[in-house]
Amino acid sequence: MLCCPEPTMVASKESREGEVHVLMVAFSAQGHMNPMLRFGSRLVAKGLHVTLATTDCARDRILKSLSSTTIVDDKKIRLEFFSDGLSVDFDRLSHMDHFMDSIGKFGPINLSKLINDLSGDAHRPKFSCIIGNPFVPWVADVAAQHNIPCALLWIQPCALFAIYYRFYNQLNSFPTQPNSDSVVHLPGLPPLQTTDLPSFVLPSNTFGSFPKLLSNLFQSYMNKFKWVFGNSFYELEKDVVESMAELCPIRPVGPLVPSTLVGLVEGGDIEVDMWKPEERCIEWLDRKPVSSVIYVSFGSILVLSEKQMGNIAMGLKNSDRPFLWVVKPQDNTKPVGLPAGFLEETEDRGLVVPWCPQTKVLDHPAVACFMSHCGWNSTLETVAAGVPMIAFPQWTDQPTNAKLIVDVFKMGVRVEPDPDGTVSKEEVERCIDEITKGPKSEELKRKAVHWKEASKMAVAEHGSSDRNIQIFVDEIVGKHSSSPSMSLHSIDDD
Ligand code: UDP
């Protein structure tokens, strides 16, 4: 599904009459790129032509990662790159605030130039819509300059969209004092304790550019998007999706996970991988009994304290079950934070790797549960694979995702940290026992399998997400009127 023009940024394909072109613009992080690519691939399957633009700094990684991706017939997503104003080797992760300032200043200028290059003459595509994602809200300004309607792909749960919308527009009350034990009541969501709220809305938050970015997005940009899409599905978040219908509708089009996980055949899998996954994990899992392995990963960003790593290690060791643990090495050599002797003592039943093919792991019958930081991509992948979760959230949307997993999706248990915020080894062991053999274990598994089936149905032809995509496609190809009151949410609408 991919076509990467090399190395210039100028499109060569001529625009033919009747073709409808969409431009997607993604922040270059893996968690932003992959849902965009999958959404793009579903639009391509419905006959649209899709170009995905992201920043230059990701070019090498993306082209390397995607070079092995199948190119199916002539259905393609074109890749284009533009500069964020910094040199390609600038360390963006360590200077996030500077990076966000630079992309906010130079991104719009360079994206606008790229659009001019791509649509400058009669033979080049004229975009019918531009789709941006949350870290590049200024895409809506660029779209307006070019007189092109704009959409947003929200990449966290619809619940987070609702919470931020209500928080930044001061529609509901939220805690104003640090350590407050007040409970927040919002339409479509269970009562939220402080520990269930996203960290950016807490009075104690000190996260620099991110709250600034979110407040800007929710206060100044929402009315610039003609459509808001969510990487979720209606059945999973029905109440909160409904709660936003009158306020600022969000239309779920997911789960935007690898097509193999949700039984989609067309298009093949399409994704960017941050690091090379260790495929030997699958052979290792092949040798383990069905539903026996605890899979543990904290995603691509989090680094846990040495004390926390030690407690997880001891909890896993004491649980006496096989485990597969993703521990990213700091200097590309040794896993960080593991207690001395741990690897040797557990080598007969544990495997520690720097990065694994997570979606294949989750889909493997040997996996019993996933101990996860509850990043939304990991959560959706687990929902689609039908695997119960041990929710071990840390920050940003993760505490709210954990609340959804336990109290709304009802497919997991959540660790209870000690007062210092660390989770003890006994608590790790307790959660493993509870999810694998506790009185609720069968019900958790049953619910996880229910969501697996529901995910497949949502993306299948005429499923709720497929229909939301089709409505959008019909609208931009002009089959329906472009009234903003068009149907937002699925099955009940027809
Ligand atoms: N992932 C992976 N291999 C690993 C660990 C994670 O491929 O060993 C992928 C995972 O499948 C998911 C992404 O990395 O798609 C993590 O995204 P998420 O939103 O869960 O967390 P983040 O990394 O943004 O904190």
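Both counts, for ligands and for their atoms, begin at 1 and track the order of listing.
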*Asks:* Does Lys445, at its NZ atom, have more than 12 non-hydrogen atoms belonging to other residues, nucleotides or ligands within less than 6.0 Å?
*Replies:* yes

*Asks:* Look at atom 17 (O) of ligand 1 and say which protein heavy atom is nearest, naming residue and atom and giving the distance to 0.1 Å.
*Replies:*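 The answer is Asn377 CB, 3.5 Å.
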
*Asks:* Any atoms of ligand 1 less than 4.0 Å from a non-hydrogen atom of Ser297? List them with their elements.
*Replies:* 5 (C)

*Asks:* Which atoms of ligand 1 sit under 4.0 Å from any heavy atom of Gly299?
*Replies:* 23 (O)

*Asks:* Looking only at N/O atoms, are Phe298 and ligand 1 under 3.5 Å apart anywhere?
*Replies:*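 By distance alone, the answer is no.
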
*Asks:* Can you label the angle between the Trp227 ring and the Phe229 ring as parallel, tilted or perpendicular, going by 30° and 60°?
*Replies:*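 Correct class here is parallel.
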
*Asks:* Contact between Pro157 and Trp376 at the side-chain level, heavy atoms closer than 4.5 Å - yes or no?
*Replies:* yes

*Asks:* Out of Glu283, Glu279, Glu278, which residue meets the salt bridge (charged side-chain N to carboxylate O under 4.0 Å, His left out) rule with Lys360?
*Replies:*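 That would be Glu279.
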
*Asks:* Tell me the contacting part of Val326 for ligand 1: side chain, backbone, both, or neither, using a 4.0 Å heavy-atom threshold, strictly below.
*Replies:* side chain

*Asks:* Could you say whether the N/O atoms of Gln398 and ligand 1 ever approach to under 3.5 Å?
*Replies:* no

*Asks:* Indicate yes or no: does an N/O atom of Ser300 lie under 3.5 Å from an N/O atom of ligand 1?
*Replies:*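 Min N/O separation from ligand 1 is below 3.5 Å for Ser300.
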
*Asks:* Hydrogens and angles aside, do Gln219 and Tyr165 bring a side-chain donor and acceptor to less than 3.5 Å of each other?
*Replies:*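 No, no side-chain donor-acceptor pair sits under 3.5 Å.
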
*Asks:* Would His373 count as being in polar contact with ligand 1, using the rule that some N or O on each side must be under 3.5 angstrom apart?
*Replies:* yes

*Asks:* Take the angle between the ring planes of Phe90 and His95 and call it parallel below 30°, perpendicular above 60°, tilted in between.
*Replies:*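 Answer is tilted, since the angle falls between 30° and 60°.
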
*Asks:* Is any side-chain heavy atom of Val136 closer than 4.5 Å to a side-chain heavy atom of Ile103?
*Replies:*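 Answer yes - side chains close enough.
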
*Asks:* Relative to each other, are the rings of Trp355 and Trp275 parallel, tilted or perpendicular (30° and 60° limits)?
*Replies:* perpendicular

*Asks:* Report yes if Glu381 has an N/O atom closer than 3.5 Å to an N/O atom of ligand 1; otherwise report no.
*Replies:*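 Min N/O separation from ligand 1 is below 3.5 Å for Glu381.
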
*Asks:* Out of Ser378, Gly375, Pro354, Ala29, indicate the one that has the non-hydrogen atom closest to atom 16 (C) of ligand 1.
*Replies:*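 Looking at heavy atoms only, the winner is Ser378.
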
*Asks:* Any carboxylate oxygen within less than 4.0 angstrom of a Lys/Arg side-chain nitrogen, looking at Arg430 and Glu427?
*Replies:* yes

*Asks:* At what distance is the nearest protein heavy atom to atom 9 (C) of ligand 1, and which residue and atom is it?
*Replies:* Trp355 CZ2, 3.8 Å

*Asks:* Which heavy atom of the protein is the closest neighbour of atom 7 (O) of ligand 1, given with residue, atom name and distance?
*Replies:*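 Heavy-atom neighbour on the protein nearest atom 7 (O) of ligand 1: Cys356 O, 3.5 Å.
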
*Asks:* Which ligand 1 atoms, with their elements, are less than 4.0 angstrom from a heavy-atom of Trp376?
*Replies:*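 So the atoms of ligand 1 that pass are 19 (O).
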
*Asks:* Determine, using heavy atoms of Pro277 and all atoms of ligand 1, whether some pair is separated by less than 4.0 Å.
*Replies:* no

